[in-house]
Amino acid sequence: QYRNYQRYDNDPEPERFDFDPNTLDKDGWKRLGFSEKQASAMMKYIDKAGPFTKKEDLLRLFAIDSSLYAELEPFVTIDTSLIADSVLQDADPGIPDFIAANSADAKAWNTMGIEWKLSYDICNYRDKLGGFHSKEQLLEVEGMRSTLYDSLYPKLELSGQDIKKINVNDCRASDLRYHPYIGDWDIANQIVNTRDRFGPYQRLNDVRRLPLVSDELFMRIKPYISVE
């Protein structure tokens, strides 16, 4: 990713000045603190994707995450008089009022003002879990800051019907091992081996009684397991 570059001691400090991203040249991007490679990538992106119609469009650039965007946003000015009316009419209407957390794709998360990498990470983590059963689980996603979470919280919509569960009576040990809340072969094997030895689990609490399944672990995995 373009933003992962090393800044050396002799590099100039980033400047802050009013700018229109649609007309800023490569030197201007570099003055803002971006590398030669990043600046070139931004110019190519604008040439290919077309002009930005609102400030939030900057989040579509890999080099700009939400924290950097918050720093740059006060200096961004977009002269819409230079943009064709047809482009403005087709422009994204802005940040939606809500997002379906368990079905939204990375593009939908990005329209909420989240940088692309984090948008993909949210989707990947959610899919590994089997869905979010509580809003607070977003804080478990690497890179999710509390300030960003606070802004998203009132816009998150969850449905318990979207949760994908693992049937402990017919699953493989690997199905359990690779769930983010288990992640341990010993625990996964104990759940499967106990079932194979003594027969199907009748209740979820049967899993709770296993020596390697702590009360804390059971409460975390309970929304994601079933006995039928």
Side-chain angles (χ1 to χ4, degrees), residues 1-8 11 14 16 19 21-22 24 26 28-30 32-76 78 91-158 162 164 178-181 183:
Q1 293 182 17
Y2 292 119
R3 69 168 173 271
N4 295 327
Y5 70 96
Q6 183 175 359
R7 177 173 291 282
Y8 297 97
D11 284 346
R16 293 294 175 257
F19 69 96
N22 292 324
L24 193 66
K26 184 190 294 187
W29 287 109
K30 291 169 66 176
L32 289 170
F34 297 100
S35 67
E36 177 81 20
K37 184 177 181 180
Q38 289 175 313
S40 296
M42 291 172 173
M43 300 295 292
K44 290 179 181 178
Y45 178 89
I46 296 172
D47 287 342
K48 182 177 180 180
F52 297 125
T53 59
K54 58 185 184 301
K55 294 182 179 183
E56 293 87 351
D57 287 344
L58 285 176
L59 286 164
R60 296 177 181 173
L61 298 170
F62 278 116
I64 298 179
D65 60 18
S66 52
S67 59
L68 180 55
Y69 170 75
E71 184 179 335
L72 293 174
E73 188 272 337
F75 301 97
V76 179
I78 295 179
D92 192 326
I95 296 178
D97 293 330
F98 67 91
I99 184 168
N102 280 332
S103 60
D105 58 14
K107 182 178 180 180
W109 286 104
N110 180 249
T111 62
M112 300 299 292
I114 300 175
E115 62 268 24
W116 277 108
K117 181 182 184 304
L118 184 54
S119 295
Y120 283 114
D121 288 346
I122 291 172
C123 292
N124 289 336
Y125 185 69
R126 176 199 65 204
D127 294 345
K128 289 178 180 178
L129 279 176
F132 297 122
H133 67 81
S134 72
K135 296 180 179 182
E136 289 75 13
Q137 287 177 291
L138 268 179
L139 288 168
E140 299 170 10
V141 179
E142 184 175 358
M144 177 60 66
R145 298 169 300 281
S146 58
T147 51
L148 177 57
Y149 168 76
D150 289 342
S151 67
L152 286 172
Y153 186 90
K155 301 180 179 181
L156 297 172
E157 289 193 347
L158 292 178
D162 295 327
K164 294 181 176 63
Y178 292 109
H179 191 280
Y181 287 168

Q: Take Y181 and E140 through the side-chain contact (heavy atoms from CB on, under 4.5 Å) test and state the conclusion after the steps.
A: CA-CA 11 Å; Y181 287 168; E140 299 170 10; 2.8 Å; yes
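- When each of D121, L59, D65, I122 is tested with I114 by the rule side-chain contact (heavy atoms from CB on, under 4.5 Å), just one qualifies, namely I122.
- A pairwise comparison of heavy atoms in G33 and P14 identifies CA-CB, 3.9 Å as the closest pair.
- Side-chain N or O atoms of E73 include none that pairs as donor or acceptor with a backbone N or O of A70 at under 3.5 Å.
- Y178 meets the ring-ring contact (aromatic ring centres under 6.0 Å, His included) test with W185; sequence neighbours excluded.
- In this structure, the side chains of Q137 and R126 stay at 4.5 Å or more apart for every pair of heavy atoms.
- Nearest heavy atom pair, residue D150 against residue P154, reads O-CD, 3.5 Å.
- No donor-acceptor pair under 3.5 Å is formed between the side chain of K128 and the backbone N or O of P180.
- Residues L152 and M144 are in side-chain contact: their nearest non-hydrogen atoms beyond the backbone lie under 4.5 Å apart.
- Within 6.0 Å of atom CZ in F75, more than 12 heavy atoms from other residues, nucleotides or ligands are found, so the atom counts as buried in its surroundings.
- Contact check for L118 versus E142: no side-chain heavy atoms found under the 4.5 Å cut-off.
- When side chains are defined from C-beta on, L158 counts as touching N102, because their heavy atoms get closer than 4.5 Å.
- Annotation: side chain of F19 is in contact with side chain of V76 (closest heavy-atom distance under 4.5 Å).
- For H133, the ring-ring contact (aromatic ring centres under 6.0 Å, His included) partners are Y224, not counting sequence neighbours.
- Among all heavy-atom pairs drawn from N22 and F52, the shortest one is OD1-N, 2.6 Å.
- Nearest heavy-atom pair, L58 versus P21, reported as atom, atom and distance to 0.1 Å: CD2-CB, 3.9 Å.
- No side-chain heavy atom of K164 sits less than 4.5 Å from a side-chain heavy atom of L129.
- Using modelled atom types, no side-chain atom of S40 and backbone atom of K37 make a donor-acceptor pair closer than 3.5 Å.
- Residues passing the ring-ring contact (aromatic ring centres under 6.0 Å, His included) test with Y125, sequence neighbours excluded: none.
- The shortest non-hydrogen separation linking C123 to A106 is SG-N, 3.5 Å.
- Atom CG of L148 sits about 8.5 Å away from atom CG of L138, to the nearest 0.5 Å.
- Residue L61 comes nearest to W29 through the heavy atom pair CD1-CH2, 4.4 Å, listed as atom of the first residue, atom of the second, then distance.
- I64 is listed as a side-chain neighbour of F34, based on a closest heavy-atom distance under 4.5 Å.
- Interatomic distance, NZ of K26 versus CD of Q38, reported as 12.5 Å (0.5 Å rounding).
- Taking CD from E56 and OH from Y69, the interatomic distance works out to 4.0 Å, rounded to the nearest 0.5 Å.
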Q) Going through the distances and angles, do D57 and I78 end up as a side-chain contact (heavy atoms from CB on, under 4.5 Å)? A) CA-CA 11 Å; D57 287 344; I78 295 179; 5.8 Å; no
